Amino acid sequence: MIELKNIEKYYANKGVKSYILRHVTTSIKAGEFVSIMGPSGAGKSTLLNILGMLEEPTYGEYHFMGEDVTALNERKRIELYRNHIGFVFQAYHLIDEMTVAENIEAPLLYKKISSGERKSRIADILDRFNIVAKKDLFPNQLSGGQQQLVGIARALVAQPSIILADEPTGNLQSAQAEQIMDLFKKLNEEEKITILQVTHSEKNAQYGNRILNIEDGVIKEDLAVAVR
Amino acid sequence: MFKINFKIALRNLLKNKVYAAINIGGLALGLTAFVLLLLFINHEKNYDQWDTQLEKVYQIREMHDFFTPDNKPHWQDIGDSRIANLLTEKVPQFKHVTKISNNWGNGYSSIKVAQNEPVLQKGFRDADSSFFKVFPYQFIYGDEKTAINKPHTVVLKQSIAKQLYGTDKVLGKTLKLVMWRNDPGEEYTVTGVVADPATAQSVAFNAITHSGNREKDPENPGSSNYCQIYALANQALDTASLNQNLLKVYIDFKKASFAQRKINFADYYKEGKKPGLMAFPMQQVHSNPALSSGWFDKIKPIVALSIFLLLVSVINFVNLATAQSVQRAKEVGVKKVLGAYKKQLVMQFLVESAIQSLLALFICVALVEVLLPAFSNHFEVELSFWRSKQLFSLVVQLLGLFVLITLLAGFYPAWVLSKYNPVKVLKGNYESGFKGMALRNGLVVLQFIIAVTFIIGIGVMQMQTSYIAHKDLGFDKSKLINIATNYDDNFAERIKKIAGVQYVATTTQVMGNAFNVPQKITYKDQQFDINTVTVSMDALPALGAQVVSGRIFSREYKQDTVNTAVLNETAAKLLGKNIVGQMYKSGEGEHQNAFQIVGVIKDLSLIHISEPTRQYS
């Protein structure tokens, strides 16, 4: 599904290159649940952004579902990630002026999905996540865990093939965090959605089936998680 | 998508009420000024556009030096009445030619209907019987072909008919028309009522009278009767070739006329004096009037003013919107991550600007309705908004304005917003994603420059008006009335009998009028140039002139009825000291007169400062 070959990312500052990622080569297959771990500043988030096509690598090849991402123009790239990638953020990033239902609807609007289809998908996902009662509330009326649930619902509603999550439980208490991680696991196992998360927590990493350890922009380890 | 964007826009406006109020209110003010101007320009541009036949009507202008302010020849819209006949005979392109009296004086005449008190009315103008053949006024009552064929007939506009009689069914009724003082007045019969046209007219009138005097020209070839002449052509003509023909006809006419009067054509037209006759398209008359500048030249400063005002409010809008955009950065970032194109985001923010300018436009329409009466009054025009007969074109213009404002005010903020880099804003450092500070600073500076210029302008105007209002003029104007008319002893006596009238006097120098008589005088063998004003006995006490030395004219001194003079301080200084009682001479040869100076008064601020005042009687 994802092929990275020799990805490099650096910023040139007065002739000095400061590297964020170096020689990153890896591949991720459909249905995997991968956790990217490493110390702060190791380049985890940058890697995630490159995978999500929000940033471009300085050098290297990136194939997403067989397409050469670096060769695509902006419009094509937006289309590609709009259709296949769902994002979940640490700070949830719901739009404050939109209700829960509207937030979930937003990605569908950009995918030009008909109004009837939108309604049924929203109803479906609200139901699945048990947040029907909250659909007309605004984000600031929800708890952090509930907001992140909405954030995941928003990522899922567009039926992506992969979810990129940047420390999805970083702002949550452990009980809520566990709930979210269980949800991810369930989505991965039951709906075969590929999930890629950046996390600090060893415990969260254990929910997945593969861990990429990054240090100073280089993949140090690529471990399979023992099946529990 | 539009629906949700609309909702977001409203929620944002409600959340930031103060911001919304400033933005929308500011825009509404700027728009109001501009729309008022737009109404005025529409009004002016639509002069003489009320009937397609007017495309074929021409105003005839003659080049001559009668009635010109500088005594030099100019193109004038008043010409020799004989030209009308000349055109009818010699220019086959003209179907009908009409003569209409000029609005002499202030244009008022006194109208008496039945037993009512007489009223003063403007715009009762005398025309020959062709008037309604040239100008296609729509008759509500009466027959346009025959209405003013007979002498002493009058055709009223519907509005004035209602004003005078209370109804427009006035056919056959009579009114008495008194044109000037001592005019015994003449009775006219109403033979028609015409509808008020949709747009303003250069040949403005309330009533067209037909006295019969306009039909004939003076018999003596040396005297001429001046009036306005309009011609209706078969079709819209090429004025360049038409005017060549007109000039030829005119020169032949002048030559024949001069031959009768034994004047040499070449002698008459020398030193830059040239014969001239031209036809001027009626629909361009209002923007190019004879002898004065067109309406657009007059309102240029106001145009600039309202454009600047609109510009300030647009700049204000742009600045506030871009400053506030930081709050929207997250929304932009998230939407980009969800797969929004930049174009879609630009559209979203343009819609937001559009909502605000639409609200501003509504407020502006309300404000215009409120301000319009005062505005119309000040500029002496009849403007209306909802009742305007060009409502459709007005609405189109407003829509155009709305689109322009939305783009002008909304595009830059929309562009700035949609440019945000999602990775940066979602990590929380908006400022680094924020560019365009230089432009915003530039806009603020421009806005301040315009505003400060306005404030200074207002200050200067305030000082000017207060100077005019409070300047010591040397006379007491509060109890003074100026009647612009010929002096007549009988008339003066009658005014004096009105209770409360203290003095009645006449002068050759009216307040604010530049009618000076410059003279050379000889005083103690020295020549001086002074301006003189001739006054009657009571003029100086009536003006409340303050005596510096000597005395002012008085009936107690017999000699004051003739050859005495009062100087003002400035002139007195010019002549030297101890001048009261001295004599000076003015005029030459047998017209030379000696004047005794009887007094000196404080300067009267009329127009010029150094004008001595004196009297002959």
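Per chain, numbering begins at 1; letters A, B, ... match sequence-line order. What you are looking at is a predicted structure, and each value in this text was computed from that prediction instead of being measured. All values below were derived from every heavy atom in this structure, side-chain atoms included, with hydrogens, water molecules and symmetry-related copies excluded.
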**Message:** Taking side chain as everything from C-beta outward and backbone as N, CA, C, O, which of these in A/Phe138 sits under 4.5 Å from a heavy atom of chain B? Side chain, backbone, both or neither.
**Reply:** side chain

**Complete:** Here the pair of heavy atoms bringing A/Tyr81 nearest to B/Lys336 is OH-O, 2.9 Å

**Prompt:** Do the non-hydrogen side-chain atoms of B/Leu338 and A/Arg154 ever get within less than 4.5 Å of each other?
**Reply:** yes

**Item:** Close side-chain approach of B/Lys342 to A/Glu74, heavy-atom, < 4.5 Å
**Value:** no

**Complete:** Applying a strict 4.5 Å limit to non-hydrogen atoms, the region of A/Thr46 in contact with chain B is neither

**Prompt:** Taking atom CG of B/Leu14 and atom CD of A/Glu97, what is their separation to the nearest 0.5 Å?
**Reply:** 11.0 Å

**Prompt:** Does any heavy atom of chain A fall under 4.5 Å from the side chain of B/Val337, the backbone, both, or neither of them?
**Reply:** both

**Item:** Approximate separation, where rounding is to 0.5 Å, of B/Arg328 CZ and A/Ile95 CD1
**Value:** 9.0 Å

**Message:** On a heavy-atom basis, which atom in B/Gly339 and which in A/Ile78 lie closest, and how many Å separate them?
**Reply:** O-CG2, 3.6 Å

**Prompt:** Are B/Arg11 and A/Thr99 close enough that some pair of their side-chain heavy atoms sits under 4.5 Å apart?
**Reply:** yes

**Prompt:** Which bit of B/Lys15 comes within less than 4.5 Å of chain A, counting heavy atoms only: side chain, backbone, both or neither?
**Reply:** side chain

**Request:** Give a yes or no on this: more than 12 heavy atoms of other residues, nucleotides or ligands lie within 6.0 Å of atom CZ of B/Phe454.
**Result:** yes

**Message:** Please give me the minimum heavy-atom distance between B/Val423 and A/Glu55, naming the atom from each residue.
**Reply:** CG1-OE2, 3.6 Å

**Request:** Step through the shown structure and confirm whether more than 12 heavy atoms of other residues, nucleotides or ligands are within 6.0 Å of CZ on B/Phe308.
**Result:** no

**Prompt:** More than 12 heavy atoms of other residues, nucleotides or ligands under 6.0 Å from CE of A/Met1: is that the case?
**Reply:** yes

**Asked** Would one find more than 12 heavy atoms of other residues, nucleotides or ligands at under 6.0 Å from atom CD of B/Glu369?
**Response** yes

**Request:** Sort A/Lys111 into side chain, backbone, both or neither according to what part of it lies under 4.5 angstrom from a heavy atom of chain B.
**Result:** neither

**Asked** Can you say whether A/Leu80 sits under 4.5 Å from chain B via the side chain, the backbone, both, or neither, judging by heavy atoms?
**Response** neither

**Complete:** What one should report as the nearest heavy-atom pair of B/Leu426 and A/His93 is O-NE2, 2.9 Å

**Prompt:** Does CG belonging to A/Asp216 count more than 12 external heavy atoms closer than 6.0 Å?
**Reply:** no

**Request:** First locate atom CD of A/Glu102, then atom NZ of B/Lys3, and finally report the distance between them rounded to the nearest 0.5 Å.
**Result:** 8.5 Å

**Request:** Counting only heavy atoms closer than 4.5 Å, note whether B/Gln344 contacts chain A via side chain, backbone, both or neither.
**Result:** side chain

